[in-house]
Amino acid sequence: MANVLAVLEQRAGALKQVSQEVLTAARSLADASGGSVDALVLGPAAIDVSELGTHGADRVIVVEGDDLSLYQPEIYAAAVVGQTQSGDYVAVMMSATAMGKDLGPRVAARLDCPLAVDVTGVEWSDGITISRPVYSGKAICRISITPSPCVISLRPNVFTPRENPRDPSTEKVAPPKVEVRARTLEIKEPEKAHLDVAEASVIVSGGRGLKEAENFTLVEDLAEALGNAAVGASRAVVDAGWRSHADQVGQTGKTVSPQLYIAIGISGAIQHLAGMRTSKVIVAINKDRDAPIFKIADYGIVGDLFEIVPRLTQEIKNLRGA
Ligand SMILES: Cc1cc2nc3c(=O)[nH]c(=O)nc-3n(C[C@H](O)[C@H](O)[C@H](O)COP(=O)(O)OP(=O)(O)OC[C@H]3O[C@@H](n4cnc5c(N)ncnc54)[C@H](O)[C@@H]3O)c2cc1C
């Protein structure tokens, strides 16, 4: 029997969508092995956990503290380690977001247990087998993990949230007392609020084909017309100072897995593909029919982006009645 600890994520007291993804993956692992799912949430007092039963939590453990509305590495790690040691868990699951990428290794090191990062598949058959892309996404590696527990971080947007209603019990727990050497004081939002590419379900990305920074308005306009879409960028334009590094997709940027990825004026270098090839649907707009991006695109438009993108934006606005 394999019980799973799902470590959830909130921002300003509201649970993030990745929390549903983690619960969904934890539920399917627990169902396959006949185990149960404990959901661990760290956050401020007002956090609303009433929906967690919907996605399969059997038990909800809330660690409340005023300074826990922001990710506090040492307190969060101590709380996850403490909960893991107090239960009989085969896996500790979290999302491979910025928080999960920091928290996962801390927890695994303290528990002296295996860590699997950026995982895109989890199976159970007398033990856990995970899948994750390797070699810039050219191959999928399957690894069976024997020691228990293990820490697994899941690539955002890969595990589609599924409802699996339960009636969980909820326990409130005080934060662990730890010596805090570094404290997160504030998270600064960008001046113009925009979605993080790592978590968006639709991304419109621009590359050097846009010729100059000002032309990124074409990408932004299309993203706005689509609604709730993030704007991404290739490294070439980030290096040129047209966009911030936070928007960069690829090997040295962010790994994304949206439902829809639109690449505009991006050639599709292997390092760019490494960050976006697991997107569900890929659309490429490029004037060079031999551009490598077309090899992985589901839909390709060969032509001048300066003609195509404004027309596409207008058509989408018409369709959406804007
Ligand atoms: C160690 C390392 C790490 C790297 N990490 C990353 C990374 O994380 N992310 C990343 O993106 N890159 C990364 N790179 C860089 C990568 O190799 C490429 O140089 C980069 O992705 C190219 O960006 P681009 O496609 O925007 O530009 P280009 O390769 O110059 O492509 C521009 C494209 O625009 C098209 N185009 C031009 N004009 C038009 C037009 N009017 N209409 C339509 N299409 C047009 C062209 O046909 C071309 O295909 C890395 C490289 C190295 C060595």
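The pair R106-E74 fails the salt-bridge criterion, with no side-chain N (NZ, NE, NH1 or NH2) lying under 4.0 Å from an Asp/Glu carboxylate O. For D118 and R155, the salt-bridge test passes: some basic side-chain N is under 4.0 Å from an acidic carboxylate O. Checked for salt-bridge contact, D298 and K280 miss the test: no charged N lies under 4.0 Å from a carboxylate O. Classification of R320 and E315 as a salt-bridged pair fails, no side-chain N sitting under 4.0 Å from a carboxylate O.
In the hydrophobic clustering of ILVMFWY residues, with side-chain heavy atoms under 4.5 Å counting as a link, F159 and I143 come out together. Hydrophobic clustering places V81 together with V173 (ILVMFWY residues linked when any side-chain heavy atoms are closer than 4.5 Å, directly or through intermediates). Under the 4.5 Å side-chain heavy-atom criterion for Ile, Leu, Val, Met, Phe, Trp and Tyr, V80 and L154 are members of distinct hydrophobic clusters. Each of V256 and V119 belongs to its own hydrophobic cluster when Ile, Leu, Val, Met, Phe, Trp and Tyr are linked at side-chain heavy-atom distances under 4.5 angstrom. Taking hydrophobic clusters as Ile, Leu, Val, Met, Phe, Trp and Tyr residues chained together by side-chain heavy-atom distances below 4.5 Å, L222 does not share a cluster with I282.
Residues Q72 and L70 form a side-chain contact, since some pair of their non-hydrogen atoms from C-beta on lies under 4.5 Å apart. Using a 4.5 Å cut-off on side-chain heavy atoms (C-beta onward), N318 and I316 make no contact. Here the side chains of I145 and T129 are not in contact, with every heavy-atom distance at 4.5 Å or above. A heavy-atom distance below 4.5 Å is found between the side chains of L5 and Q83. In this structure, the side chains of L210 and V237 stay at 4.5 Å or more apart for every pair of heavy atoms. Taking the side chain as every heavy atom from C-beta outward, T84 and L111 approach each other to under 4.5 Å. In this structure, V117 and I152 have side chains that are not in contact, with every pair of non-hydrogen atoms separated by 4.5 Å or more. Proximity of V4 to R27: side-chain heavy atoms (C-beta onward) are nowhere separated by under 4.5 Å.
In this structure, the side chain of Q10 engages the main chain of G13 through a donor-acceptor pair within 3.5 Å. Looking only at distances, no side-chain donor or acceptor of H245 sits under 3.5 Å from a matching main-chain atom of D239. Not one N or O on the side chain of E199 forms a donor-acceptor pair closer than 3.5 Å with the backbone of P156. Side-chain N or O atoms of R166 include none that pairs as donor or acceptor with a backbone N or O of G56 at under 3.5 Å. Panel note: side chain D38, backbone D58; no donor-acceptor pair is recorded below 3.5 Å. Formation of a donor-acceptor pair under 3.5 Å by the S19 side chain with backbone atoms of L15 is not found in this model. R277 contributes no side-chain N or O that, together with a main-chain N or O of I296, makes up a donor-acceptor pair within less than 3.5 Å.
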inquiry  = Before you tell me yes or no, could you show the steps for Q20 and T24 under side chain to side chain donor-acceptor pair (under 3.5 Å), namely the whole-Å CA-CA distance, both residues' side-chain angles and the distance that decides it to 0.1 Å?
reply    = CA-CA 6 Å; Q20 297 174 3; T24 297; over 6 Å; no

request  = Decide side chain to side chain donor-acceptor pair (under 3.5 Å) for N3 and S36; before the verdict, give the C-alpha distance in whole Å, the side-chain angles of both, and the deciding distance to 0.1 Å.
outcome  = CA-CA 5 Å; N3 301 327; S36 64; 3.3 Å; yes

query = Does the pair V158 and E21 meet the rule for a side chain to side chain contact (heavy atoms under 4.5 Å, CB included), with working shown?
reply = CA-CA 8 Å; V158 169; E21 297 173 13; over 6 Å; no

Verdict with reasoning, E9 to S95, per side chain to side chain donor-acceptor pair (under 3.5 Å) = CA-CA 8 Å; E9 208 167 312; S95 185; 5.1 Å; no

key: Check against side chain to side chain donor-acceptor pair (under 3.5 Å), S279 and S257   = CA-CA 4 Å; S279 305; S257 229; 5.7 Å; no

request  = Could you give me the CA-CA distance, side-chain angles and deciding distance for C113 and V151, then say whether side chain to side chain contact (heavy atoms under 4.5 Å, CB included) is met?
outcome  = CA-CA 7 Å; C113 75; V151 178; 3.8 Å; yes

task = Test I308 against I264 for side chain to side chain contact (heavy atoms under 4.5 Å, CB included), laying out the working first.
result = CA-CA 10 Å; I308 294 161; I264 300 173; over 6 Å; no

request  = Would you check, one step at a time, whether the test side chain to side chain contact (heavy atoms under 4.5 Å, CB included) holds for Q248 with R243?
outcome  = CA-CA 8 Å; Q248 185 183 316; R243 302 295 296 186; over 6 Å; no

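In this structure, P292 and G268 approach most closely via the heavy-atom pair CB-O, 3.5 Å. Considering all non-hydrogen atoms of both residues, P149 and P114 come closest at O-CD, 3.6 Å. For the pair P105 and G100, the tightest heavy-atom approach, listed with the atom from each and the gap, is CD-O, 4.0 Å. Smallest separation of non-hydrogen atoms from V37 and A30: CG2-CB, 3.6 Å. Counting all heavy atoms, side chain and backbone alike, V204 lies closest to A229 at CG2-CB, 4.5 Å. Listed here is the closest heavy atom pair of A39 and L23: CB-CD2, 4.2 Å.
Here the CG atom belonging to L319 is positioned 10.5 Å from the CG atom belonging to L226, to the nearest 0.5 angstrom. L42 CG to M99 CE: the interatomic distance, rounded to the nearest 0.5 Å, is 7.5 Å. Rounding to the nearest 0.5 angstrom, the gap separating the CG atom in D102 from the OG1 atom in T184 is 8.5 Å. The line from CZ of F294 to CZ of R289 is 8.5 Å long, rounded to the nearest 0.5 Å. Interatomic distance, L273 CG to I266 CD1, rounded to the nearest 0.5 Å: 10.0 Å.
By the side chain to side chain donor-acceptor pair (under 3.5 Å) test, R162 pairs with no residue at all, sequence neighbours left out. In this structure E64 satisfies the side chain to side chain donor-acceptor pair (under 3.5 Å) test together with K172, sequence neighbours excluded.
By the neighbour-count criterion of 12 heavy atoms within 6.0 Å, atom CZ of F306 is densely surrounded, having more than that number from other residues, nucleotides or ligands. The environment of CD in E123 is crowded: more than 12 heavy-atom neighbours from other residues, nucleotides or ligands sit within 6.0 Å.
Sorted by first and then second residue, the ring pair (Phe, Tyr, Trp, His ring centres under 6.0 Å) pairs with a member in residues 67-103 read Y71-Y76; sequence neighbours excluded.
Below 30°, between 30° and 60°, or above 60°: for H272 and Y261 the angle between ring planes is between 30° and 60°, a tilted geometry.
Evaluated for a side chain to side chain contact (heavy atoms under 4.5 Å, CB included) with L40, the options V63, V60, L8, V62 yield exactly one hit, V63.
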